[in-house]
Undergrad: 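Below is a structure I'd like to ask you about.
Naming: A, B, ... by sequence-line order, numbering from 1 per chain.
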2 protein chains.
Amino acid sequence: MSLVKKTPTIQDVARFANVSTATVSRALSSPERVSEQTRARISEAVRVTGYTPNQSARSLRQKTARTILVALPDIGNPFFSVILDAVEREAAARGYGVLVANRFSGGDSGVRMRDYFMSNRVDGLLLFDGSVDLEQLMMLTGEPTPFPLIVVCEEIPNAPFHTVKTDNSYAAEQATRHLIELGHRRIGHIRGPDGNVLTGEREAGFRRAMQAAGLEARPEWMLPGAFDMDSGVVAAQHFVRLEARPTAIFAANDESAIGFISGLRQHGLDCPGDVSVVGFDDLALAAHVWPPLTTMRQPRAALGRIAAGALIDVIEGERHSRVPMHMVLSSELIVRGSTARPPALVAPLATPPALAAR
Amino acid sequence: MSLVKKTPTIQDVARFANVSTATVSRALSSPERVSEQTRARISEAVRVTGYTPNQSARSLRQKTARTILVALPDIGNPFFSVILDAVEREAAARGYGVLVANRFSGGDSGVRMRDYFMSNRVDGLLLFDGSVDLEQLMMLTGEPTPFPLIVVCEEIPNAPFHTVKTDNSYAAEQATRHLIELGHRRIGHIRGPDGNVLTGEREAGFRRAMQAAGLEARPEWMLPGAFDMDSGVVAAQHFVRLEARPTAIFAANDESAIGFISGLRQHGLDCPGDVSVVGFDDLALAAHVWPPLTTMRQPRAALGRIAAGALIDVIEGERHSRVPMHMVLSSELIVRGSTARPPALVAPLATPPALAAR
DNA sequence: GAAATCTCTGCAATCGATTGCATGAGTTTC
DNA sequence: GAAACTCATGCAATCGATTGCAGAGATTTC
C-alpha cells in the first residue's frame, strides 16, 4: 500500500518463519547449527521476502567490510588496468569487493589512506603506487602494521610490509643482455620517472648488464622518460640530437619504447634498421605495433591474483607471520621485431662514417 | 597498556571534550549549530584522539553508503579504464568511493547487481556493459527505478533509465563518409561482437553513409569482430581470402582496426597503400601505431565525468525527474595516416588486374 | 534413573553514529 | 515583567545484523 516498500530486514524474515532473528542469522551463516525443518522454513521466508543482509549492519557488528582498497597511480594506464582486472576477479571469487583509489600519490595520500582504514570501509590495502611516500605511510601505520597491507611492484628495503613484485632488476639485466648478445656495444636507456622505485631497479639492471660486458653506460645516453608514450617521443628528439648515437635502446617500459620508435620514425630513422629497441611489460599492444616490440613480459595477471589472494589471507588471519613476506615473480624475454643486429654488423664493410664511433 | 589500542569512537571524543556524542556529531556535520567554544574543544579532541567517523555506522543510520558501483565488461580494456579514471576522479571530488565490478555480463549479473543494492553497499550504479541483460535488470528494478542507475554507452529505446552516450551511429556515418570522400567505393566493415548495442549502432551508421552515397554494403564485406586485436587479425585473414576486396575498411573500434592492420602486414598488404582503415575510439595508442590511425575520437574522459556527476545528482535527489534523461556527447574525426585515396585513384592508368573489380 | 551431555532456539546486549524531541538559559517583544 | 523566541546542548531511540549466555527438551552415559 505504501508508495515505497521498504527493503526487507532480518526481522521480516524472522516474523515470516516464526523464529527469532538470531535463528535466521545462524541459518544463513552456519546452517549446521539449525535444524533441518527450521532451515527450510527460513529459506522459504528468505525467498518470499527477497531478503538480502544489510552489509552496513554486518560490517558495524563484525568490524569487517569485506572490501579491499586498491591504490593505483593511474587506472587509465593499461599496465595497471590489467592487474586491476586480475585483482577484481580474485577478490570477487573470495567474496570481497574492490574499492579503487586513483592518483594516490601526492600530498594527502597518507591521510586519505588512513581515513579509509579508520573509517572501517576497507579491510586491507593493495598499494601499487611507487611514488607514494612510504615513510609517511609507516608513520601512520605505527609499529606492528595495524592494517593489512601489501605493496605491489615495489620493494622498500627493510620496510615491514609484505611485498609482491617482479624481478625488475634481473629482468632489466636480461633485456640488456639480449641487446649485447645481438652485437650491440653502444646501448642507451630511457629511464622511468624520477623518484619511482621501478626506475631505479630497471636502471640498475641495465648498468649491471653493461658492466658485466665491459661496456660503458654513457651519461648522455641515459635519456629521461616518464613511463608514457609522449616521453618516449621526447626521448627520440633528444636521441637524434646526440653527437654519437647508440645503436640500441633499452626503454624502461613499453609505452616509452613505442613512443620512442614513433619519434624515431618522425626523424627518418628506422627500428630495428637504425636502432634496436627493447621494452618492458609486454602490454597487449606490444605485439601489434610496428615493428612488433621485443620486451620483457611481466606476469601481470599473476601479479594481481597473487597479491589479492595474499592480502585476503592476511585479512582473514591465515598468514599471521610477523615477518614480512617478499614474493618475487619472474619475467620472460619475448623477442619480436624491434631488435636486430646493429647496422655495423649487418654490413661491416660498408659502415657509413656517420654511424661509426667517434 | 593493552596490546591492541582500539580505534577511537565518537564516544571517546565526547568524553575528552566533555560534551555529548550528539554535540560532537553536530560539530562535525553542521558546525554552525554548535557554539564556537565548544567547536574548538571538539576539534582539539578530534585531533588528539585521532578520530575518524566509522563509515559502517554512518551508513547504517543514514541508509547511504557514499559509494557507487561501476559495472564494466572489461577493466583491462583501455577504453574503459580511461573512463573509469574519470569516474573515479569525479566521484572522489564529490566524496564518493568507487566499487568496481568487472565482467559483469553473464548469467548472474542481474542477481549480483540486485545484491549489491539490497545490501546497502552502494547508492547507485553506473552500467557500462552493453551485453548485460537489461530486460532482466528492469524486472529486478521494478516499475519506478528503485535505485539510481545510469546506463553509459548504450541506449535502449524506451527503457526507463537515464543514459549518457556518444553519438555512435552518427559518428560511424562520419567515419564512413570520410572514406567515401577520399574516393573509396568498395568499403567493408569490421563489426563488434554480436548482441552488443554498440555493434548495431556503428553498423547502422556505416550502412546509412553507404546508402546515402549510393554504395552497396556487401554481405561478404561485413567481417565479424569482437572489439579486440585478435579479432582484427582474424578479420584480416578473412579479408585476404576475399575474391573481390574492398579498398577501405571501417572498423568498429581501434583495437580491431590495429589488429586488422597488423594482420594485413602479415599477408604482405600495406595500409594505407592497399587498404585504408578507419577506427573508432581514439585510444592513446592510436596516434602511436604505424601507420597512425585515423579514427573517431570519443570523449571518454567527459563521458566518465558526466556520467558520474549525473549519477551522484540522482542519488542526492538533485535530479528527481521521473522522465529519463538522455545525454549525447559528440565524437570527432581525427585524420591520421591510415587512410588515403584508393589505389586505383592514385595511379588510375596502372591499376593491376588483380586489384580491379571482377 | 539420575547425571551429564548435546541440540536447538530465544533473549538481549552490542557495534558507532545520527537525529527527533526536550530542556534550560539567555534574548527580544509589547 | 510576562510571553514568545532563539540558541546550544543533552537524552535516548534508532538503523539491522551478530553473538554470548542461558534454558528447554532430547539423548546418552554409568
Undergrad: Base, sugar-phosphate or nothing for B/Ser35? Non-hydrogen atoms, less than 4.0 Å.
TA: sugar-phosphate

Undergrad: Tell me if the side-chain of B/Arg26 makes a donor-acceptor pair with the base of D/dG10, cut-off 3.5 Å, by modelled atom types.
TA: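 Pair found.
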
Undergrad: Ignoring backbone atoms, establish whether A/Ser20 has a side-chain N or O less than 4.0 Å from OP1 or OP2 of C/dG10.
TA: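 Yes, within the criterion.
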
Undergrad: Does a side-chain N or O from B/Gln62 land closer than 4.0 Å to OP1 or OP2 of C/dT19, or not?
TA: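 Yes.
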
Undergrad: Taking only side-chain N and O atoms of B/Lys63, does any of them lie within less than 4.0 angstrom of OP1 or OP2 on D/dT14?
TA: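 Checking D/dT14 against B/Lys63, no side-chain N or O comes under 4.0 Å of OP1 or OP2.
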
Undergrad: Just so I know, are the side chains of A/Arg94 and A/Asp313 near enough to count as touching, which here means a heavy-atom distance under 4.5 Å?
TA: yes

Undergrad: With a non-hydrogen cut-off below 4.0 angstrom, is A/Thr21 in contact with a base, only sugar-phosphate, or nothing?
TA: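 A/Thr21: base contact, heavy atoms under 4.0 Å.
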
Undergrad: Once you apply a heavy-atom cut-off of 4.0 Å, does B/Val19 come out as touching a base, just sugar-phosphate, or nothing?
TA: sugar-phosphate

Undergrad: Can you measure B/Ile42 atom CD1 to D/dT9 atom P for me and round it to whole angstrom units?
TA: 7 Å

Undergrad: Classify the side chain of B/Arg61 versus the base of D/dT14 as yes if they form a donor-acceptor pair under 3.5 Å and no if they do not.
TA: yes

Undergrad: Starting at CD of B/Gln37 and ending at P of D/dC7, how long is that distance when rounded to a whole Å?
TA: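 My rounded result for the distance is 17 Å.
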
Undergrad: Run through B/Ile312, B/Ile315, B/Val314, B/Leu69 and flag the one making a side-chain contact (heavy atoms from CB on, under 4.5 Å) with B/Asp123.
TA: B/Ile315

Undergrad: Have a look at A/Val34 and say if it touches a base, only the backbone sugar-phosphate, or nothing, with a 4.0 Å heavy-atom cut-off.
TA: sugar-phosphate

Undergrad: Could you state the CG-P distance from A/Asn120 to C/dG16, rounded to the nearest angstrom?
TA: 8 Å

Undergrad: Between atom CZ in A/Arg41 and atom P in C/dC8, what is the gap in whole Å?
TA: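 Answer to the nearest Å: 14 Å.
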
Undergrad: Measuring from B/Leu329:CG to B/Ile306:CD1, what's the distance to the nearest 0.5 Å?
TA: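 Here the rounded value is 4.5 Å.
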
Undergrad: To check you understand the geometry: which heavy-atom pair defines the closest contact between A/Ala65 and A/Ser59, and what is its length?
TA: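 Nearest pair, atom of A/Ala65 first, then A/Ser59: CA-OG, 3.7 Å.
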
Undergrad: Does a side-chain N or O from A/Ser25 land closer than 4.0 Å to OP1 or OP2 of D/dT18, or not?
TA: yes

Undergrad: OP1 or OP2 of D/dG16 versus the side-chain N and O atoms of A/Tyr51: is any pair under 4.0 Å?
TA: no

Undergrad: Go through D/dT18, C/dA17, D/dG16 for me and flag the one nearest to the A/Thr9 side chain.
TA: D/dG16

Undergrad: For B/Met327, run the side-chain contact (heavy atoms from CB on, under 4.5 Å) check against B/Val164, B/Leu303, B/Thr163 and tell me which one passes.
TA: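 The single option meeting the side-chain contact (heavy atoms from CB on, under 4.5 Å) with B/Met327 is B/Val164.
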
Undergrad: By nearest heavy atom, map A/Arg33 and A/Leu28 onto DNA chain D; which one lands nearer the 5' end?
TA: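 Closest to the 5' end, via its nearest nucleotide, is A/Leu28.
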
Undergrad: Check the distance between D/dC15's C1' and B/Gln55's CD and give it to me in whole angstrom.
TA: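 These atoms are roughly 14 Å apart.
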
Undergrad: Provide, to the nearest angstrom, the distance between the CZ atom belonging to B/Arg121 and the C1' atom belonging to D/dA17.
TA: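 For the pair B/Arg121 CZ and D/dA17 C1', the rounded distance is 15 Å.
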
Undergrad: Is A/Glu44 salt-bridged to A/Arg41, going by a charged N under 4.0 Å from an acidic O?
TA: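 No salt bridge links A/Glu44 with A/Arg41.
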
Undergrad: Please report, rounded to the nearest Å, how far the P atom of C/dG10 is from the CD atom of A/Gln11.
TA: 13 Å

Undergrad: Could you give the CG-to-C1' distance, from B/Leu60 to C/dT19, as a whole number of Å?
TA: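 It works out to 14 Å between those atoms.
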
